[in-house]
Student: 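First the structure, which I've put down as structure tokens, then a few questions once you've had a look.
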Amino acid sequence: MAVLIYGAYGYSGELVAREAADRDLDVVLAGRNGTKTRGLAIQLGVDARVFPVEEAERHLDGVDVVLNCAGPFVETAEAMAEACLATGTHYLDITGEIAVFESLVERDREAEDADVCLLPGVGFDVVPTDCLAAHLHDRLPTGTHLRLGIDTPGSVSGGTLATALEQAGAGGMGRRDGRLRPEAPGAKTRTIDFGSGPEHAVSAPMGDVSTAYYTTGIENVEVYLSAPEYTEHLLRASGYVTPLLAVPGVKNGLQALVRALVSGPSADARERERVRLWGEATDGETTVTSRLETPETYALTVDAATTALERIEAGADITGYQTPATAFGPEYVLELDGVDGFLDE
Ligand SMILES: NC(=O)c1ccc[n+]([C@@H]2O[C@H](COP(=O)([O-])OP(=O)(O)OC[C@H]3O[C@@H](n4cnc5c(N)ncnc54)[C@H](OP(=O)(O)O)[C@@H]3O)[C@@H](O)[C@H]2O)c1
């Protein structure tokens with residue numbers, strides 16, 4: 001079964017491409033830059049295809065699964081998913097962008113009809129939190145409110161920062177009573193015990209605001225990031241910057257700058273750092289809490305994305321729109337290297 005990795009020469013794409021080749025998947029590398037795509041393909045001893053994402057449909061011959069690693073995904077997911085639906089190819093990506101999840105949900109029926117899956121978010125955002133959400137829902141099926149927290153020490157790649165700028169320009173989102181509503185990042189604060197005592201955390205529009213709802217049916221979802229208290233002031237100040245980011249020239253200029261200046265975490269950081277996750281579901285009477293600890297975010301992304309490809313290659317029978325946990329179950333995260341959990345209270 002041939003797996004095409006698009007955006008293969010980006011920071012994350014290259015890590016996944018190397019891992020997928022190491023695990024003996026039948027990999028084809030792809031991207032819009034011929035020199036970079038072919039250069040990496042030669043190093044890994046695999047085939048290469050060079051095309052802009054808008055022309056993907058003409059380049060998926062003989063491909064069974066696409067893993068899209070080219071972000072910001074608001075610029076690539078729609079075109080690639082369209083090509084996958086037209087050619088009967090499974091679509092996976094490593095997005096964490098709410099707008100992308102929501103646009104792919106809309107195409108659920110088309111994917112069912114084409115007998116393929118649309119499975120976005122098979123990276124750090126959202127695999128561990130989505131599996132944690134599903135686990136909490138299994139523990140408390142009557143849950144009406146879900147809260148998730150992430151405590152990560154890590155740095156990010158230029159592509160991730162460019163994507164964060166893209167999302168900031170669109171403003172934040174929260175999920176209340178089953179609906180997505182505009183909500184500024186940092187609008188809520190909370191004290192969370194990630195396992196070593198109370199820590200300050202601020203709300204953040206992570207992808208789970210979209211996906212956890214489809215995984216669990218729980219209509220109120222909040223996601224928090226552990227952060228020092230001064231972060232709230234920074235986030236509030238960023239309210240003044242957000243309208244500026246909506247201006248394409250300003251946003252695109254900043255994105256080009258961060259892509260050029262910021263490289264991703266070192267191999268040492270990917271190996272050394274750990275991330276702690278916390279989740280809570282409540283129905284107003286009963287509250288259940290679970291924790292999870294994972295490797296560094298990019299290390300987890302590489303393992304989760306490659307494992308998803310392996311599952312599909314092994315014949316996982318999934319069609320239509322899927323979240324990581326609806327596709328592979330809450331235990332999917334527990335099968336990844338170096339993950340400890342679930343620790344239940
Ligand atoms: N879910 C998660 O936890 C997770 C983890 C890691 C990364 N990510 C996301 O994955 C994306 C990539 O991150 P990265 O660190 O690999 O960034 P990166 O190093 O900047 O790589 C981005 C890749 O996407 C390609 N690309 C971007 N826009 C494109 C377009 N319109 N058409 C075709 N190719 C395009 C780039 O090609 P060019 O160089 O030719 O522009 C490059 O190959 C980001 O959106 C990031 O937020 C998510």
Side-chain angles (χ1 to χ4, degrees), residues 4-19 29-41 48-56 59 66-81 83 92-101 119-131 150 152 154-168 204-208 210-211 223 225 252 254-266 270 275 277 294-306 308 323-324 333 336:
L4 181 137
I5 301 178
Y6 191 75
Y9 55 83
Y11 175 84
S12 308
E14 178 173 344
L15 291 173
V16 177
R18 288 183 183 279
E19 182 69 16
L29 302 191
R32 62 180 169 185
N33 180 308
T35 310
K36 291 182 183 176
T37 307
R38 288 191 201 98
L40 184 61
R49 295 186 190 180
V50 178
F51 56 90
V53 70
E54 295 76 16
E55 292 174 16
H59 297 271
V66 166
L67 174 68
N68 183 12
C69 294
F73 293 90
V74 283
E75 293 169 12
T76 64
E78 196 181 328
M80 187 59 87
L92 278 64
D93 72 31
I94 56 166
T95 190
E97 296 161 53
I98 294 169
V100 172
F101 290 120
L119 172 47
V122 292
F124 176 82
D125 196 1
V126 293
V127 169
T129 35
D130 194 50
C131 291
I150 303 168
T152 171
S155 54
V156 297
S157 70
T160 298
L161 266 181
T163 302
L165 280 172
E166 178 75 50
Q167 294 215 88
M206 305 296 284
D208 308 273
S210 169
T211 47
V223 189
L225 299 178
N252 295 347
L254 278 172
Q255 284 180 327
L257 193 65
V258 295
R259 277 206 186 94
L261 294 179
V262 185
S263 56
S266 64
R270 288 198 307 272
V275 183
L277 299 133
T294 76
E296 187 275 343
T297 57
Y298 291 88
L300 193 286
T301 295
V302 171
D303 194 4
T306 315
T323 66
V333 70
L336 304 178

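Whatever order the structure lists them in is the order used to number ligands and atoms, beginning at 1. Residue numbers run from 1 in the order of the sequence given.
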Student: So do the side chains of Val122 and Leu67 get within less than 4.5 Å of each other, counting heavy atoms only?
Tutor: yes
Student: What atoms of ligand 1 come closer than 4.0 angstrom to any heavy atom of Thr76?
Tutor: 29 (C), 30 (C), 31 (N), 32 (N)
Student: Just jot down the ligand 1 atoms closer than 4.0 angstrom to any heavy atom of Phe124, in number order.
Tutor: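 Answer, ordered by atom number: 2 (C), 3 (O).
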Student: Closer than 4.0 Å to some heavy atom of Tyr9 - which atoms of ligand 1 meet that?
Tutor: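 So the atoms of ligand 1 that pass are 37 (O), 38 (P), 39 (O), 40 (O), 43 (O).
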Student: Looking at Asp125, which atoms of ligand 1 are within less than 4.0 Å of one of its heavy atoms?
Tutor: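 Within the 4.0 Å cut-off of Asp125, ligand 1 contributes 1 (N), 2 (C), 3 (O).
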Student: Show the atoms of ligand 1 that are less than 4.0 angstrom away from any heavy atom in Ile94.
Tutor: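 Once the distances to Ile94 are compared, the set is 1 (N), 2 (C), 4 (C), 7 (C), 8 (N), 9 (C), 10 (O), 48 (C).
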Student: Can you confirm whether Leu277 sits close enough to Phe124 that some side-chain heavy atom of one is under 4.5 Å from a side-chain heavy atom of the other?
Tutor: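 Yes, at least one pair of side-chain atoms sits under 4.5 Å.
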Student: Can you list the atoms of ligand 1 that are under 4.0 Å from a heavy atom of Tyr298?
Tutor: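 Once the distances to Tyr298 are compared, the set is 6 (C).
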Student: Where is the tightest heavy-atom contact between Glu296 and Val275, given as atom of each residue plus distance?
Tutor: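 Residues Glu296 and Val275, closest heavy atoms: CA-CG2, 4.0 Å.
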Student: At under 4.0 Å between heavy atoms, which part of Thr95 makes contact with ligand 1: side chain, backbone, both or neither?
Tutor: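 For Thr95, only backbone atoms sit under 4.0 Å from ligand 1.
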Student: Is it the case that the side chain of Tyr6 and the backbone of Phe51 share a donor-acceptor pair, with hydrogens and angles ignored and the cut-off at 3.5 Å?
Tutor: yes
Student: Quick check: Phe73 and ligand 1, any N/O pair under 3.5 Å apart?
Tutor: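 No.
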Student: Out of Ile94, Asp208, Thr95, Thr323, which one pairs with Val126 under the side-chain contact (heavy atoms from CB on, under 4.5 Å) rule?
Tutor: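 Between Val126 and the candidates, side-chain contact (heavy atoms from CB on, under 4.5 Å) is satisfied uniquely by Asp208.
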Student: Under 6.0 Å from the CD atom of Glu19, do we count more than 12 heavy atoms belonging to anything else shown?
Tutor: yes
Student: Would you mind reporting whether Tyr11 and Pro265 have side-chain heavy atoms less than 4.5 Å apart?
Tutor: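 They are in contact (side-chain heavy atoms under 4.5 Å apart), so the answer is yes.
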Student: What atoms of ligand 1 come closer than 4.0 angstrom to any heavy atom of Gly7?
Tutor: 43 (O)
Student: Would you say Gly31 contacts ligand 1, with heavy atoms under 4.0 Å as the rule?
Tutor: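 Under 4.0 Å: no for Gly31.
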Student: So which of Gly123, Ala70, Pro120, Ser12 gets nearest to atom 16 (O) of ligand 1, if we judge by its closest heavy atom?
Tutor: Ser12
Student: Has Ser210 got a side-chain atom pairing as donor or acceptor with Phe101's backbone, closer than 3.5 angstrom?
Tutor: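 Looks like no, no N/O pair under 3.5 Å.
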Student: Quick one, Leu336 with Thr294, criterion side chain to side chain contact (heavy atoms under 4.5 Å, CB included). Give me CA distance, side-chain angles, the key distance, then yes/no.
Tutor: CA-CA 9 Å; Leu336 304 178; Thr294 76; over 6 Å; no
Student: Between Ala8 and ligand 1, find which residue part has any heavy-atom pair under 4.0 Å and reply side chain, backbone, both or neither.
Tutor: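 The answer is neither; Ala8 stays 4.0 Å or more away.
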Student: Check each atom of ligand 1 against the heavy atoms of Thr301 and keep those under 4.0 Å away; list them by number with element.
Tutor: 3 (O), 5 (C)
Student: Out of Arg32, Met206, Glu75, Glu97, indicate the one that has the non-hydrogen atom closest to atom 30 (C) of ligand 1.
Tutor: Arg32
